[in-house]
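Below, all heavy atoms of this structure are taken into account, side chains as well, without hydrogens, waters or symmetry copies. Throughout, a chain's letter reflects where its sequence line sits, starting with A, and its residues are numbered from 1.
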Protein chains: 2
Amino acid sequence: MELDDIDRQIIAQLQGDGRRPFTQIASDLGVSEGLVRYRVQRLTREKVMQVVGIADPLKIGFDLMVMVGIRVRPGLVREVADRVSKFPEASYVASIGGDLDLLLEVVCRDTAHFADLLNNRLHHIEGVTSTQTFLILEIHKMAYGWGVPDAPAAERPEPHVPVLRE
Amino acid sequence: MELDDIDRQIIAQLQGDGRRPFTQIASDLGVSEGLVRYRVQRLTREKVMQVVGIADPLKIGFDLMVMVGIRVRPGLVREVADRVSKFPEASYVASIGGDLDLLLEVVCRDTAHFADLLNNRLHHIEGVTSTQTFLILEIHKMAYGWGVPDAPAAERPEPHVPVLRE
DNA sequence: TCATACGTTACGAAATCCGCAACCAGCGTA
DNA sequence: TACGCTGGTTGCGGATTTCGTAACGTATGA
């Protein structure tokens, strides 16, 4: 789906405040409220953007976050990714190129919870050859959204630094 | 700050839909709209939760996401974390225990953009001794929120699996 | 005991959202 | 060309939600 300036500016504003009234966004952009409503609906439907509440896990009862690097037997990366994505504790799963094949971030209640996850579930998945765990000590930045470039990459010749919140 | 059931249920509902009317949340919980408004304000003020729009970077013009593992000279981790957190491209920064000291996820326009970041900015930071980059091929899961436990950890004796969306 | 801060409810006014209907432009097709 | 169609946009009420504020109860501490 192709985004225009209106989409980008709507996203940018909603990144700052997900409950910003459509009327205010509209008057900022000089368009009608109905249009903003239509665009937000479309962006949401196309899964380009969504408006959600996000909570700091360390403040709502989870004491342990761990990043697990996983090495997988060639050809099984996709499958393992799908399996670990189904872990309810998984907050982030990405396949990567480099020394490791998968990154998995999990949010656990305590070390016993994590030990159970690692030994009884992760290591039993077909294709997982080794894991490396990194205890997350502190989250310094979690940009819950990404900056919106002024225009698509193709139209931007010179380096552009995306504007991110905080 | 101590959360009660009302806070947790408000967070849970907002995790599903960040624009859900307070009136509807209120009637679900059997409390007044004013109370929901008050709680959301407080949760936001205390930085426990926030309602934001989040966009898929790959759908809004950024083609390259990289996870960078950073080794830092002892004692400088905090400082380096603060420095890299200021990178507008940084979407995630966490200090970790293990083979590496810092994890930095960046969202870039293209490889040239990332090369500039790595060589001209990251490697010039005092205390950075080595880096290891992992190209993010595909994001399989990005839980934009975390499950809310039924009660604080201390009151929960048996294992609890947080309920996550998707 | 009193004062103060905090959490909660209730209520009316203001603002917002929502469901249309209408209109325009572009596009493929007869 | 004319026609019908789809997608994007605006405008307008009515329904709903939010917002400001006053009032009340309950701890808490001086």
- Query: Taking B:R39 as the fixed residue, which of B:I25, B:I10, B:L29 is the one that meets the side chain to side chain contact (heavy atoms under 4.5 Å, CB included) rule?
  - Reply: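 The side chain to side chain contact (heavy atoms under 4.5 Å, CB included) with B:R39 is passed solely by B:I10 among B:I25, B:I10, B:L29.
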Going 5' to 3' on DNA chain D, which nucleotide is the first and which the last to come under 4.0 Å of a heavy atom in chain A?
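Nucleotide range with atoms under 4.0 Å of chain A: D:dG8 to D:dT18.
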Which pairs pass salt bridge (Lys or Arg N to Asp or Glu O under 4.0 Å) with one or both residues in residues 126-138 of chain B, sequence neighbours excluded?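 Every salt bridge (Lys or Arg N to Asp or Glu O under 4.0 Å) pair that includes a residue of residues 126-138 of chain B, provided the two are not neighbours, is A:R78-B:E138, B:R73-B:E126.
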Would you kindly check if the NZ (Lys) or CZ (Arg) of A:R121 is within the cone defined by 45 degrees around the ring axis of A:F87 and under 6.0 Å from the six-membered ring centre?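 Geometry flag: set, cation within 6.0 Å and 45°.
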Notebook entry, point to check: In residues 21-42 of chain A, which residues come under 4.0 Å of DNA chain C by heavy atom?
Noted result: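 Close to the strand are A:P21, A:F22, A:T23, A:Q24, A:E33, A:R37.
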| A:R20 with A:D28: basic N within carboxylate O range, under 4.0 Å |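 The answer is yes: the pair qualifies as a salt bridge.
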Problem - B:E46 bridged to B:R42 by N-O distance under 4.0 Å - result: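 Here B:E46 does not pair with B:R42 in a salt bridge, since their nearest N and O are not under 4.0 Å apart.
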Minimal non-hydrogen separation, A:T129 against A:V72, with atom names:
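Where A:T129 meets A:V72 most closely, the heavy atoms are OG1-N, 4.0 Å.
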ask   = Hey, mind stepping through A:R71 and A:T131 against side chain to side chain contact (heavy atoms under 4.5 Å, CB included) and telling me if it holds?
value = CA-CA 6 Å; A:R71 259 183 275 265; A:T131 63; over 6 Å; no
